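Read the structure below first, then the notes.
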Amino acid sequence: MVGATTDITTLSKVAHDFLLEQAQTIPGQAQVHIDSSRLREQAACSDIQAFFTSGTRLRTRMSIGLRCLNPTSPWTTSVPATLSIQGFYYVSNRTIALGETISLDDLVAREGDLLRLPNGALSDPSQIIGFVASQRINSGSLIRQNTLRDPQAIVRGQAVRTIARGIGFVISGEGQALQTGSPGSQIQVRVSSGQVISATVLDSSTVQVLM
């Protein structure tokens with residue numbers, strides 16, 4: 001239609017719904033605000049797509065892009081948005097020493113805006129409980145991903161059992177891990193002959209040699 005436009009309310013709703021959907025990847029109560037004061041009406045469009053203008057990581061403040069996919073009258077614009085996600089995160093209720101396995105009793109839940117936490121702070125207890133402290137964690141500290149390791153991970157410098165499998169045979173030996181790795185990851189291992197090989201971590205003491 002000649003002179004028809006897509007109104008600001010419609011554009012704001014598209015951006016709002018898009019950001020709310022993206023926020024569902026983080027457990028918590030999301031609140032979205034779209035600053036429509038910078039929007040202006042655009043040419044009429046029956047197919048509007050919202051997208052992130054600067055990467056895909058959710059942040060407290062960001063811009064949401066809007067584009068019209070109509071081939072006859074394409075346009076692109078953006079709108080500022082703010083987002084908060086209220087949820088629970090965890091801090092230690094005691095000093096946890098290097099090498100200790102973390103249990104539920106070691107944690108205290110706190111509530112706040114999860115997007116304002118430092119990078120790596122964990123809000124999912126399943127990513128904390130049963131994991132091993134890879135460094136000292138002081139009482140009252142946030143539990144961060146880089147302070148934990150998988151209990152089935154192999155640690156650099158430890159002795160490991162090596163297994164080489166082939167058709168109709170299995171050969172086992174010993175070696176020393178030159179890297180830290182979780183199950184499924186590849187690490188470098190120095191075997192008894194002194195040779196350095198690549199191997200896949202199976203569990204906390206065993207690696208499989210790549211054939």
Side-chain angles (χ1 to χ4, degrees), residues 22-28 30 52 55-59 85 87-211:
Q22 299 303 310
Q24 292 177 3
T25 58
I26 300 177
F52 285 116
T56 58
R57 186 172 68 86
L58 294 172
R59 297 186 298 275
I85 302 179
F88 291 98
Y89 60 95
Y90 296 87
V91 300
S92 58
N93 65 5
R94 66 178 182 88
T95 296
I96 301 172
L98 169 67
E100 285 193 79
T101 299
I102 299 176
S103 69
L104 181 60
D105 292 338
D106 298 324
L107 305 177
V108 176
R110 297 280 188 264
E111 188 172 8
D113 186 351
L114 301 183
L115 293 182
R116 294 186 178 275
L117 297 178
N119 288 339
L122 296 174
S123 58
D124 184 350
S126 68
Q127 297 178 324
I128 304 173
I129 297 171
F131 282 72
V132 178
S134 59
Q135 63 185 61
R136 174 189 169 100
I137 302 174
N138 293 326
S139 179
S141 297
L142 284 168
I143 306 298
R144 303 191 191 207
Q145 191 170 30
N146 63 359
T147 64
L148 305 177
R149 66 173 175 84
D150 190 318
Q152 291 299 310
I154 283 175
V155 180
R156 177 182 178 182
Q158 82 171 74
V160 296
R161 177 170 175 251
T162 62
I163 297 177
R165 298 182 184 275
I167 298 177
F169 71 89
V170 177
I171 301 174
S172 63
E174 297 180 348
Q176 182 184 41
L178 301 180
Q179 295 172 300
T180 296
S182 298
S185 65
Q186 291 186 20
I187 62 172
Q188 298 292 300
V189 175
R190 179 178 286 113
V191 295
S192 55
S193 66
Q195 181 183 4
V196 176
I197 62 173
S198 293
T200 302
V201 177
L202 298 182
D203 55 38
S204 60
S205 61
T206 311
V207 298
Q208 180 171 290
V209 180
L210 303 177
M211 301 295 291

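Side chains are part of it too, since the values below use all heavy atoms of this structure and drop only hydrogens, waters and symmetry mates. Note that the coordinates shown come from a computational prediction; the quantities given were computed from them, not determined experimentally. One-based numbering along the sequence shown.
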N/O donor-acceptor pairs under 3.5 Å from side chains in residues 153-162, not counting sequence neighbours:
residue : atom : partner : partner atom : Å
Q158    : OE1  : V155    : N            : 2.8
Q158    : NE2  : S204    : O            : 2.9
T162    : OG1  : G173    : N            : 3.3
T162    : OG1  : G173    : O            : 3.4

Counting only heavy atoms not in E174, do more than 12 sit closer than 6.0 Å to its CD atom? no

Please give me the minimum heavy-atom distance between Y90 and S123, naming the atom from each residue. CE1-O, 3.6 Å

Beyond-backbone contact of L148 with I137, side-chain heavy atoms, under 4.5 angstrom: yes

Under 4.5 Å between any side-chain heavy atoms of P151 and F131, yes or no? yes

Mark yes or no for whether S172, through its side chain, and I163, through its backbone, hold a donor-acceptor pair below 3.5 Å. no

Do you know which two heavy atoms are closest between A199 and V189, and how far apart they sit? CB-CG2, 4.2 Å

With distance as the sole test, does E100 use its side chain to make a donor-acceptor pair with the main-chain N or O of A133 at under 3.5 Å? no

D105-S103 side chain donor-acceptor pair, cut-off 3.5 Å: no

Quick one: pull up CD in Q127 and CD1 in I102 and give me the separation to the nearest 0.5 Å. 12.5 Å

Please tell me if the side chains of D203 and Q152 come closer than 4.5 Å, counting only heavy atoms from C-beta onward. yes

In short, G112 meets Y89 closest at the heavy-atom pair N-CE2, 3.9 Å

Closest heavy-atom contact between Q188 and V196? OE1-CG1, 3.3 Å

Run through I129, V91, L107 and flag the one making a side chain to side chain contact (heavy atoms under 4.5 Å, CB included) with I143. L107

Can you see which heavy atom on Q135 is nearest to which on L98, and at what distance? N-CD1, 3.6 Å

Heavy-atom side-chain contact between I96 and T147 under 4.5 Å: no

Taking all atoms of both residues into account, what is the closest heavy-atom pair of R190 and L178, and its distance? NH1-CD2, 3.4 Å

In the structure I gave you, are the side-chain heavy atoms of P183 and D150 within less than 4.5 Å of one another anywhere? yes

Distance, nearest 0.5 Å, that separates CG of L114 from CD1 of I26: 6.5 Å

Atom pair CZ/CZ of F52 and R59 - distance to nearest 0.5 Å: 8.0 Å

Distance, nearest 0.5 Å, that separates CD of Q24 from CG of L58: 11.0 Å

Using side-chain contact (heavy atoms from CB on, under 4.5 Å), reason through S139 and T95 one step at a time and then give a plain yes or no. CA-CA 4 Å; S139 179; T95 296; 4.0 Å; yes

Taking the side chain as every heavy atom from C-beta outward, state whether Q208 and R165 have any atom pair closer than 4.5 Å. yes

